[in-house]
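For reference, the structure discussed in these notes is given below.
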Amino acid sequence: MKRIVLLVVSAFMIVHVASGQVANPKDEKLKAHIIALDIAAWNNWKNKDVEGFRAGTRESFLSMGAEGISTKTDMIQTAFVDCNVKSFSLNDIGFLKLNKKAVLLTYVATQVGECGGIPLSPKVLGAVSYVKEGGKWIEAFYMETAIEK
């Protein structure tokens, strides 16, 4: 668990250092597009839209959280069945363009809901990577860790 927290904190630090740089308009447009894709991904989960999730993620998609590592198939069989999300919001969004075909998005997500009868952590640090394949940006990796207060 400490390793996950360290990885997420490191990602946030990288993004915040990079955010001090002057962004060009193309990067700002890309950032807005990636944020919109990520909000759509959260809405797919909230609305149990499996087809939207399939279309927006790589076949090799992985998710990492307190419950461990999940594949795309795992997510479809568990998170889209066992979870009931009432609401969410993304704040403190950071964006880092890694290269022409890879970006990293970080944020603090506030969420209300439950999975398998267990309440979701009210706040999580999230790190999401998107890659460009076939001219389309798709989610490759999602990682989160609870913010405990």
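Since this is a predicted model, take the numbers as computed values, not measurements.
Note on Phe141: it does not cluster hydrophobically with Val131, by side-chain heavy-atom contacts below 4.5 Å among ILVMFWY residues. Follow the hydrophobic side-chain contacts under 4.5 Å out from Ile39 and you reach Leu120 in the same cluster. Both Leu37 and Met75 are assigned to one and the same hydrophobic cluster, defined by single-linkage of ILVMFWY side chains at heavy-atom distances under 4.5 Å.
How far OG of Ser63 is from CD of Glu139: 8.0 Å, rounded to the nearest 0.5 Å. Rounding to the nearest 0.5 Å gives a distance of 6.5 Å between NZ of Lys46 and CZ of Phe88. A distance of 6.0 Å separates CG of Leu104 from CG of Leu98, quoted to the nearest 0.5 Å.
A donor-acceptor contact shorter than 3.5 Å links the side chain of Lys48 to the backbone of Cys83.
Pairing each heavy atom of Trp45 with each of Cys115, the nearest pair is CZ2-SG, 4.0 Å. The two atoms that bring Lys97 and Val103 nearest to each other are CA-CG1, 4.0 Å, heavy atoms only. Residues Phe95 and Ile34 come closest through the heavy atom pair CE1-CG1, 4.1 Å. The nearest pair of heavy atoms linking Ser121 to Gln111 is O-NE2, 2.9 Å. Considering all non-hydrogen atoms of both residues, Ala146 and Val124 come closest at CA-CG1, 3.9 Å. The minimum heavy-atom distance between Ile138 and Ala55, with the atom names listed, is CG2-O, 4.0 Å.
Lys72 is linked by a side-chain contact (heavy atoms from CB on, under 4.5 Å) to Phe53, Arg54, Thr57, Glu59, Phe61, Ile76, counting only residues two or more places apart in sequence or in another chain. For Thr71, the side-chain hydrogen bond (donor to acceptor under 3.5 Å, both in side chains) test picks out Asp74, with sequence neighbours left out.
Among residue pairs with one or both ends in residues 125-134, those qualifying as side-chain hydrogen bond (donor to acceptor under 3.5 Å, both in side chains) are Asp38-Tyr130, Arg58-Glu133; sequence neighbours excluded.
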Step-by-step side chain to side chain contact (heavy atoms under 4.5 Å, CB included) determination, Thr106 to Leu125: CA-CA 7 Å; Thr106 60; Leu125 294 174; over 6 Å; no

Please walk me through it: do Asp49 and Asn43 pass side chain to side chain contact (heavy atoms under 4.5 Å, CB included)? CA-CA 8 Å; Asp49 181 358; Asn43 276 313; over 6 Å; no

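The aromatic rings of Tyr107 and Tyr142 sit tilted, their planes meeting at an angle between 30° and 60°.
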